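First the structure, in the form of structure tokens, and then the observations on it.
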Amino acid sequence: GGMTRARSIGSISLSSQDKAKLDNNVNTNGQVGGADEQQQPMIDDNSFKQRLLRGITTILRSRLLISIFTYNALYASTSVLLSFQRAELVANRSSSSSSNSAVSNTAFLAKINTASSVAVFALQASGLGAYIANSCGQRGALALMP
């Protein structure tokens with residue numbers, strides 16, 4: 001026969017094969033199914049728990065998805081740790097200096113952010129970042145990224 005289009009998970013429309021099956025089950029009285037058939041309970045396979053389990057099993061079956069997940073988890077962990085380090089810098093700075101205002105703490109954090117942004121820009125604009133990525137290879141460059 002001809003090719004049939006695959007149905008998506010949340011699809012409402014029926015394929016021609018499903019319509020034919022439904023038409024065959026309708027008896028002369030207009031009731032679906034025979035008198036001896038019992039109605040099957042609907043299984044909700046689209047609940048949060050089911051979707052979560054499908055997502056986890058999909059990730060665990062694919063090496064690429066495991067790699068992406070691990071990279072993102074390491075990136076998020078590193079970002080959180082750096083954020084705590086910045087907060088600790090502000091806390092140590094506040095205890096040693098006499099001005100304890102939020103404005104001076106915000107200015108200090110802005111200086112740290114500006115310094116890190118300028119360092120990244122200089123690395124990229126100078127070509128040193130491309131040289132490092134080329135010499136370390138793809139895996140090494142990804143491992144070096146924060």
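A quick note: this is a predicted structure, and the numbers were derived from the prediction, not measured. Note: hydrogens, waters and symmetry copies are ignored here, and every other heavy atom, side chains too, is used. Residue numbers run from 1 in the order of the sequence given.
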TODO: Could you tell me which residues satisfy side chain to side chain contact (heavy atoms under 4.5 Å, CB included) with F84, sequence neighbours excluded, listed by chain and number?
DONE: V80

Task: Step-by-step side-chain contact (heavy atoms from CB on, under 4.5 Å) determination, S79 to Y75 - done: CA-CA 6 Å; S79 296; Y75 178 77; 3.9 Å; yes

N/O donor to acceptor pairs below 3.5 angstrom from side-chain atoms of residues 126-137, sequence neighbours left out:
unit_1: S126; atom_1: OG; unit_2: A122; atom_2: O; d: 2.9
unit_1: S126; atom_1: OG; unit_2: L123; atom_2: O; d: 3.3
unit_1: S126; atom_1: OG; unit_2: L128; atom_2: N; d: 3.2
unit_1: S135; atom_1: OG; unit_2: Y131; atom_2: O; d: 3.0
unit_1: S135; atom_1: OG; unit_2: I132; atom_2: O; d: 3.2

Open item on the list: For residues L60 and L52: do they belong to one hydrophobic cluster (side chain heavy atoms under 4.5 Å, members Ile, Leu, Val, Met, Phe, Trp, Tyr)?
Closed with: yes

Open item on the list: Quick test of your reading: applying side-chain hydrogen bond (donor to acceptor under 3.5 Å, both in side chains), list the pairs with at least one residue in residues 107-121, sequence neighbours left out, ordered by first then second residue.
Closed with: R86-N113

Task: Which residues share a side chain to side chain contact (heavy atoms under 4.5 Å, CB included) with F121, sequence neighbours left out - done: A125

Task: Residues clustered with L64, ILVMFWY side-chain links under 4.5 angstrom - done: I68

Task: Residue list, side chain to side chain contact (heavy atoms under 4.5 Å, CB included) with Q85, at least two apart or on another chain - done: E88

- [ ] Report the C-alpha distance between I56 and R51 in whole Å, list the side-chain angles of each, state the deciding distance to 0.1 Å, and finish with yes or no for side-chain contact (heavy atoms from CB on, under 4.5 Å).
- [x] CA-CA 9 Å; I56 290 171; R51 289 183 292 160; over 6 Å; no

Task: Closest heavy-atom pair and its distance - I59, I66 - done: O-CG1, 3.1 Å

